[in-house]
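Data block below; observations after.
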Amino acid sequence: MKAKLHICLFFSLACSLVGSLFQFSPMIAPATANSSTFTKLNAKRNFIGTFLLAPGNRDNAIARRAVAEPIANAPQNISSGGQLSKKPLVFVLMGQSNACGAADIQDTQEYLTQHPNIRKYIQSTSNSGEKFTQTLVPFCEQWKDNSDGKASLMNSFLQRMVQQFPQQKFDVLNCSIPGSSIQSYKKGTVVNMNFYGNDFQTGDSNIYEHCVRRTREVLNQGGGTLAGVLFHQGESDNAASYWKPAVENVVLNFRQDLDSNVPFIFGHLVPVPQYEDHNQIIDSLENTSNLIGVVSSQGLSYQSDNIHFDEQGSLGLGYRYAEEMLKFLRNEEDISNTQSKK
């Protein structure tokens, strides 16, 4: 009898030790019309139902698994399914290369390549090329050096959104330009709209004007409601004294020009010493205005250049943007009541 008790105690202790090393996650497929991508992705994630969370990959693993988990701390007026608005929710991506994505996509099967409830407004170097499409990968059109494109934080952001709101329609657009300085977003200035060989023949004087014009077109053509801006920029202006006031002006001007007190989410640059000061400046943005959120990059992986996130780091960043944005999303009535600027 004692021997059996010892054996039971041994197995109980062994199971506890194994449980501390492995994270069990049930396979959850979002209730969408096109869930094959999610099914394949979750099958990869849940091999024997586990993730090995070693210190070096714990944060990335949690971030990649996040799309298969419900939001535990969502506001009370956000349902765990369904939709927020009968109109499409419009999300805008602004920034430079880490917004657009700088790491090669290794396997498009791990991405939401298209979804019946999501339309992307194509960013083109000519007005005639700007149109809606349901092709979401690659999300940004600037990079042409590989067939599958780059991993943008918007890819995982949208995965999280459709998991949370499977019946909601979304219209999204990219306004980010790789290598661009915040000074290119100054309203009323004229800059050379020629970035990485893309000579923009759109009539826009600067990136800010480029983004405002295109956002208006999406709202007019799609009949949607402006729901949020994802902003990731700063590598070109690391810790510069002019960066914060310039960003504050972007927020103020954008809200005034679009007549909407739209939420802005800002993300840290890669977590390396050279960007510590700038990331502290980003943190301080939360105190400058209502409906501003900040996302940390701590624990996310990055490329050897110490500038760009790698594929998993970009995806992890997008999940964090989604979690932060969920704090500000409101139902259709609340959105309508906040469309006028404050």
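Nothing here was measured: the structure is a model prediction, and the numbers come from that model.
A salt bridge does not link Arg320 to Glu324: none of the charged side-chain nitrogens sits closer than 4.0 Å to a carboxylate oxygen.
Hydrophobic clustering places Val295 together with Ile307 (ILVMFWY residues linked when any side-chain heavy atoms are closer than 4.5 Å, directly or through intermediates). Connection of Val294 to Val251 is established within a shared hydrophobic cluster, with ILVMFWY side chains joined at heavy-atom distances below 4.5 Å, either directly or through further cluster members. The hydrophobic clustering, which links ILVMFWY residues whose side-chain heavy atoms are closer than 4.5 Å, places Phe139 and Ile122 apart. Criterion: ILVMFWY side-chain heavy atoms under 4.5 Å apart, direct or through other members. Under it, Phe328 and Leu158 are part of a common hydrophobic cluster.
For the 3.5 Å distance criterion, the side chains of Asn306 and Gln274 fail to qualify, holding no donor opposite an acceptor. For the residue pair Gln123 and His210, a side-chain donor N or O sits within less than 3.5 Å of a side-chain acceptor on the partner. Using modelled atom types and a 3.5 Å distance limit, the side chains of Ser236 and Gln96 yield a donor-acceptor pair. Residues Tyr319 and Gln159 bring a donor and an acceptor atom of their side chains to less than 3.5 Å of each other. Checked by atom type, the side-chain pair Asp104/Gln106 shows no donor-acceptor distance below 3.5 Å.
Side-chain atoms of Arg119 and Asp171, non-hydrogen and from C-beta on, do get closer than 4.5 Å to each other. Proximity of Val270 to Ser297: side-chain heavy atoms (C-beta onward) are nowhere separated by under 4.5 Å. Residues His308 and Ser97 meet the side-chain proximity criterion, which asks for heavy atoms closer than 4.5 Å. Contact of the Phe195 side chain with the Pro178 side chain is not registered, since no non-hydrogen atoms from C-beta on lie closer than 4.5 Å. Residues Val250 and Phe231 meet the side-chain proximity criterion, which asks for heavy atoms closer than 4.5 Å. Residues Gln312 and Leu300 have side chains not in contact (no heavy-atom distance under 4.5 Å, counting atoms from C-beta outward). In this structure, Lys187 and Asn249 have side chains that are not in contact, with every pair of non-hydrogen atoms separated by 4.5 Å or more. Between Val92 and Cys211 the shortest side-chain heavy-atom distance falls below 4.5 Å.
Atom-to-atom distance recorded for Asn287:CG and Leu285:CG is 9.0 Å, nearest 0.5 angstrom. With values rounded to the nearest 0.5 angstrom, Leu89 atom CG is found 6.5 Å from Thr225 atom OG1. Separating the NZ atom in Lys131 from the OG atom in Ser124 is a distance of 9.0 Å, to the nearest 0.5 Å. Remark: Ser85 OG to Lys169 NZ distance equals 11.5 Å, nearest 0.5 Å. Put simply, CG on Asn206 and CE on Met193 are 7.0 Å apart, with the number rounded to the nearest 0.5 Å. Atom CZ of Arg160 and atom CG of Leu315 lie 13.0 Å apart (nearest 0.5 Å).
When all heavy atoms of Met325 and Pro263 are compared, the closest pair comes out as SD-CB, 4.2 Å. When all heavy atoms are compared, the tightest approach of Val191 to Ser184 is CG1-CA, 4.1 Å. Taking each heavy atom of Asn261 and Leu291 in turn, the nearest pair found is O-CD1, 3.1 Å. In this structure, Ala239 and Asp277 approach most closely via the heavy-atom pair CB-CB, 4.1 Å. In terms of heavy-atom proximity, Asp257 sits nearest to Arg216 at O-NH2, 3.0 Å. Considering all non-hydrogen atoms of both residues, Leu84 and Gln168 come closest at N-OE1, 2.8 Å.
The ring pair (Phe, Tyr, Trp, His ring centres under 6.0 Å) search around Phe132 returns Tyr121, not counting sequence neighbours. Take Arg214 and apply the salt bridge (Lys or Arg N to Asp or Glu O under 4.0 Å) test, not counting sequence neighbours, and it matches Glu130.
Side-chain N or O atoms of Tyr208 include one that pairs as donor or acceptor with a backbone N or O of Asn253 at under 3.5 Å. A donor-acceptor pair is defined here as one N or O able to donate and one able to accept, closer than 3.5 Å; no such pair exists between the side chain of Asn155 and the backbone of Ala151. The closest donor-acceptor contact from the side chain of Ser152 to the backbone of Ala99 lies under 3.5 Å. Checking side-chain atoms of Asp237 against main-chain N and O of Ile182 turns up a donor-acceptor pair under 3.5 Å. Without hydrogens or angle criteria, Asn117 side chain to Pro166 main chain gives a donor-acceptor distance under 3.5 Å. Not one N or O on the side chain of Asn174 forms a donor-acceptor pair closer than 3.5 Å with the backbone of Cys140. In this structure a side-chain-to-backbone donor-acceptor pair under 3.5 Å is present from Asn98 to Phe309. The closest donor-acceptor contact from the side chain of Gln233 to the backbone of Met94 lies at 3.5 Å or more, if one exists at all.
Classification of the His278-Trp243 ring pair by plane angle, with boundaries at 30° and 60°, yields perpendicular. The aromatic rings of Phe157 and Phe91 sit perpendicular, their planes meeting at an angle over 60°, well past the 30° parallel limit. Using cut-offs of 30° and 60° on the angle between ring planes, the pair Phe264 and Phe254 is perpendicular. Using bins of under 30°, 30° to 60° and over 60° for the plane-to-plane angle, the ring pair Phe170/Phe165 lands in the tilted bin.
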Between Leu329 and Met161, is the side chain to side chain contact (heavy atoms under 4.5 Å, CB included) condition met? List the steps.
CA-CA 11 Å; Leu329 288 184; Met161 286 296 153; 4.0 Å; yes

Please walk me through it: do Thr135 and Gln114 pass side chain to side chain contact (heavy atoms under 4.5 Å, CB included)?
CA-CA 5 Å; Thr135 300; Gln114 58 180 293; 5.8 Å; no

Let me see the working for Asn198 and Thr125 under side-chain hydrogen bond (donor to acceptor under 3.5 Å, both in side chains), right down to the final yes or no.
CA-CA 6 Å; Asn198 291 328; Thr125 56; 5.9 Å; no

Taking it one step at a time, do Val262 and Arg255 satisfy side chain to side chain contact (heavy atoms under 4.5 Å, CB included)?
CA-CA 6 Å; Val262 59; Arg255 287 175 173 174; 4.0 Å; yes

Leu112 vs Ile118, test: side chain to side chain contact (heavy atoms under 4.5 Å, CB included). Steps then yes/no.
CA-CA 10 Å; Leu112 193 65; Ile118 302 177; 3.8 Å; yes

